[in-house]
Amino acid sequence: MDNKYLAWADIKGTKYPLCLSIGSSAALEEAFGSVTGVVNCIVQHADNNEISELMRSILKAARPLAQAGQSYLTGTALLTGQPIDDIPEFPADEVLSAVLSANEMLELWTACLTAMRVGSAREVEVAKDNSPKNAENAM
């Protein structure tokens, strides 16, 4: 199911939905101080070449986004009366730590960033300005 509020993490050929929701935002704020704090934490570990802490922090950020993605898809299907597709359970941190390479972990981080970006994006509809001061755009 494609949705403009989801990002997808591809882990070993299985796609997991990631979503920035109220719940996942609260979890990220509790763990990192703020949603922006997530990025700052990751950047700090990368700058300091703290690879194991970097990977642990990526998993710590991915977990609430994955839980919210699964809840979002399930809830949306229930509300719209559509069948609930099989939504894979996000693997345990121990499993991910054992099977993901550093590059795959960075791909997971990219998916997390995408989820945070699309989850916080706002659509604003602007009315046409037909005033004389804007004569070029007036219709």
Side-chain angles (χ1 to χ4, degrees):
M1 169 191 252
D2 285 332
N3 188 292
K4 66 181 179 178
Y5 299 113
L6 293 176
W8 295 90
D10 187 333
I11 299 174
K12 302 292 185 188
T14 301
K15 292 193 180 282
Y16 299 91
L18 304 178
C19 180
L20 183 67
S21 66
I22 294 171
S24 62
S25 295
L28 292 173
E29 288 170 2
E30 185 176 318
F32 295 95
S34 68
V35 174
T36 306
V38 178
V39 177
N40 295 338
C41 176
I42 299 296
V43 168
Q44 182 180 3
H45 289 311
D47 287 348
N48 293 335
N49 232 7
E50 300 166 341
I51 303 304
S52 62
E53 284 303 313
L54 172 70
M55 291 184 175
R56 272 193 284 278
S57 295
I58 290 170
L59 292 177
K60 190 176 179 181
R63 172 92 25 223
L65 295 170
Q67 290 169 339
Q70 187 172 26
S71 295
Y72 181 87
L73 284 180
T74 302
T76 300
L78 289 172
L79 286 172
T80 60
Q82 296 180 5
I84 299 174
D85 295 332
D86 287 333
I87 305 166
E89 186 77 28
F90 198 69
D93 289 355
E94 299 79 29
V95 172
L96 293 173
S97 295
V99 301
L100 292 182
S101 69
N103 285 337
E104 291 169 318
M105 195 67 79
L106 292 177
E107 289 173 7
L108 176 59
W109 172 238
T110 300
C112 291
L113 281 173
T114 302
M116 290 187 288
R117 182 182 50 79
V118 299
S120 62
R122 301 289 182 261
E123 288 184 17
V124 178
E125 202 170 302
V126 179
K128 291 182 182 177
D129 184 359
N130 292 328
S131 66
K133 68 178 177 139
N134 197 16
E136 289 180 13
N137 292 328
M139 295 178 83

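If you read the sequence from its start, that first residue is 1, and numbering goes on from there. Quick caveat: nothing in here was measured; it's all calculated off a predicted structure.
No continuous path of hydrophobic side-chain contacts links Leu79 to Ile87 [ILVMFWY only; heavy atoms under 4.5 Å].
Shown here for Val38 and Ala61, the closest heavy-atom pair between the two residues is CG1-CB, 3.7 Å. Listed here is the closest heavy atom pair of Ala9 and Leu18: CB-CD1, 3.9 Å. Heavy atoms only, all atoms of each residue included: Ala77 and Pro83 are closest at CB-O, 3.9 Å. Taking every heavy atom of both residues into account, Asp86 and Pro88 meet most closely at O-CD, 3.6 Å.
Note that the CD atom of Glu89 and the CD atom of Gln67 stand 8.0 Å from one another [nearest 0.5 Å]. Between Phe90 atom CZ and Arg63 atom CZ the span is 5.5 Å, to the nearest 0.5 Å. To the nearest 0.5 Å, the span separating CG on Leu108 from CE on Met55 amounts to 10.5 Å. The distance from the SG atom of Cys41 to the CZ atom of Arg56 is 11.0 Å, given to the nearest 0.5 Å. Between atom CG of residue Asn103 and atom CD of residue Glu107 there is a gap of 7.0 Å, rounded to the nearest 0.5 Å. To the nearest 0.5 Å, atoms CG (Leu59) and CE (Met105) are separated by 4.0 Å.
At least one side-chain heavy atom of Ile58 sits under 4.5 Å from a side-chain heavy atom of Ile42. Between Glu104 and Lys12, the closest side-chain pair of non-hydrogen atoms falls below 4.5 Å. Residues Leu73 and Leu6 form a side-chain contact, since some pair of their non-hydrogen atoms from C-beta on lies under 4.5 Å apart. Residues Met116 and Leu28 have side chains in contact (heavy-atom distance under 4.5 Å, counting atoms from C-beta outward).
Considering Pro17, Cys112, Ser25, Cys19 in turn, Cys112 is the only one that fulfils the side chain to side chain contact (heavy atoms under 4.5 Å, CB included) rule with Leu65. Just one of Thr114, Val39, Leu54 meets the side chain to side chain contact (heavy atoms under 4.5 Å, CB included) condition when paired with Trp109; it is Val39.
In this structure, Ile22 places its CD1 atom where only 12 or fewer heavy-atom neighbours from other residues, nucleotides or ligands lie under 6.0 Å away.
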